[in-house]
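One-based numbering, in listed order, for ligands and for the atoms of each.
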Amino acid sequence: MHSSATSVSSEDRLEAVREAFRHAWKGYKEFAWGHDELKPVTKSYGEWFGLGLTLIDALDTMWILGLKEEFEEARAWVKEELSFSKNVDVNLFESTIRILGGLLSTYHLTGDEMFLDKAKDIGSRLMPAFKTPSKIPFSDVNIGKGTARPPRWTTDSTVAEVTSIQLEFRELSRLTNDPQYQAAVDEVMSQVHKLEGKHDGLVPMFINTNSGKFTHRGIFTLGARADSYYEYLLKQWLQGGKTETALLEDYVQAIEGVRKNLLKKTQPSLLTFVGELSHGRLNPKMDHLVCFLPGTLALGAHNGLPPEHMELAKELMETCHQMYAQMETGLSPEIAHFNLQPRNGRDVDVKPADRHNLLRPETVESLFYMYRYTHDSKYRDWGWEILQSFNKYTRVPTGGYTSISNVRDPVSPGPRDKMESFFLGETLKYLFLLFSDNEELVSLDRYVFNTEAHPLPIWPSAS
Ligand code: DMJ
């Protein structure tokens with residue numbers, strides 16, 4: 001039975017998030033300590049980069065939740081065991097947002113220089129990725145050998161990946177007084193700013209590392225492979241103290257592009273969604289990943305962008321909520337298809353291949369921003385319902401939470417035996433911040449969250 005939303009106090013909700021974290025951590029500690037990801041069902045672990053990804057992603061979450069003992073144990077592992085001197089290929093984007101971002105934010109929250117030293121180490125080891133003919137980085141770097149390469153099948157990189165590493169490398173330059181990091185990522189932004197092939201500020205999904213041009217043109221989405229390009233336009237502008245106007249202009253133009261080309265309403269309930277444009281045709285589908293957008297729009301509106309951005313944020317937030325509420329498990333599918341036919345069908349449909357849920361954060365992330373800026377308690381209630389659904393359908397009794405295969409089947413949701421690092425890095429952190437009355441815990445006027453929920457400081461003005 002779900003406890004009714006209004007009967008639970010903020011303190012009880014905060015404690016429920018801490019309890020969920022401890023339960024997830026118990027599984028990680030017992031079966032996956034020092035490894036990348038917990039496989040909670042088989043009580044084992046999975047390796048991606050072999051760098052303790054979950055542990056690093058979770059550091060600042062433990063700090064924010066006030067889990068001191070767990071934090072100290074993890075800190076000791078980072079200090080004694082974590083080594084980046086390893087012959088291993090890592091994905092530039094994933095290791096920047098999770099590892100570099102996680103270490104930098106933990107350094108800022110704690111003031112502990114050890115985290116900064118580790119951040120410098122990984123940051124400098126990722127730099128070979130930028131040695132390409134176009135200076136648009138390769139997707140993969142070997143952090144031991146100092147070599148970089150594209151994936152085996154193409155010389156393209158993903159647009160979201162090369163444009164969502166800026167907050168972290170810019171901050172690394174500021175902290176080290178070494179301009180090379182910022183120079184490398186600013187160069188990518190200035191090239192993308194000028195590139196042909198955009199459509200009303202919307203970008204294609206791929207960019208070639210030899211030519212520096214967009215490839216696979218004509219397809220526009222706010223979902224996978226493009227999503228955080230838009231997020232980082234706004235957030236870099238905020239990080240730099242609202243001085244870099246090209247970033248702001250590109251962001252505002254892109255949101256106009258979304259309005260003009262991608263927005264539609266469902267039938268029969270008239271939910272607003274962001275579809276995908278493929279060579280002029282609108283495909284009425286939306287990745288759960290797009291649910292970062294209400295939060296980003298709200299952040300922009302709070303910082304002086306048009307009030308219509310906030311109106312759109314509210315409408316999209318409702319849609320993301322419905323993507324959970326209309327499913328039998330109360331959990332969203334990875335991709336929703338929307339109905340445009342009047343007098344026919346339900347608003348949200350799910351294709352068999354898209355029925356999984358990977359414990360992703362985007363909806364609770366946006367709920368956090370929406371609550372901070374409106375104080376409308378419905379956003380907290382929606383987040384509370386999501387936490388309860390995670391507990392009901394994804395919690396593994398022996399420790400940990402698991403991705404599931406079918407959000408439409410509450411009897412057999414199909415545990416997939418994987419707890420992604422972002423469940424601890426993002427999902428539980430945003431739920432905690434959503435329920436917390438202490439808005440100074442991480443102030444949105446002093447910090448900007450990277451795309452893996454690691455808060456980085458907004459730069460103090462030079463004057
Ligand atoms: C995370 O690594 C980040 O939030 C990224 O921006 C998108 N994918 C996952 C979470 O869904």
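You'll find the ring centres of His288 and Tyr324 inside the 6.0 Å limit.
The ligand atoms of ligand 1 that sit less than 4.0 angstrom from a heavy atom of Ile97 are 2 (O). For ligand 1, the atoms lying closer than 4.0 Å to a non-hydrogen atom of Glu426 are 1 (C), 3 (C), 4 (O), 10 (C). Ligand-side atoms of ligand 1 in range of Phe422: 1 (C), 2 (O), 9 (C), 10 (C), range being under 4.0 angstrom from any heavy atom.
Under a 4.0 Å heavy-atom criterion, Pro361 is in contact with ligand 1.
With values rounded to the nearest 0.5 angstrom, Phe115 atom CZ is found 9.5 Å from Ile56 atom CD1. Rounding to the nearest 0.5 angstrom, the gap separating the CD atom in Glu365 from the OG1 atom in Thr451 is 6.5 Å.
Comparing Glu362, Glu452, Arg98 by heavy-atom distance to atom 10 (C) of ligand 1, the nearest is Glu362. One option in Leu289, Thr427, Thr451 has a heavy atom closer to atom 3 (C) of ligand 1 than any other, and that option is Thr451.
With hydrogens and angles disregarded, no donor-acceptor distance shorter than 3.5 Å links the side chain of Glu70 to the backbone of Gly66.
Between Thr209 and Thr132, the side chains place no donor N or O within less than 3.5 Å of an acceptor N or O (distance only, hydrogens not considered).
Taking the six-membered ring where the residue is Trp, Phe21 and Trp25 present parallel rings, their angle staying beneath 30° rather than reaching 60°.
For Arg360, a nitrogen or oxygen atom sits less than 3.5 Å from a nitrogen or oxygen atom of ligand 1, counting backbone and side chain alike.
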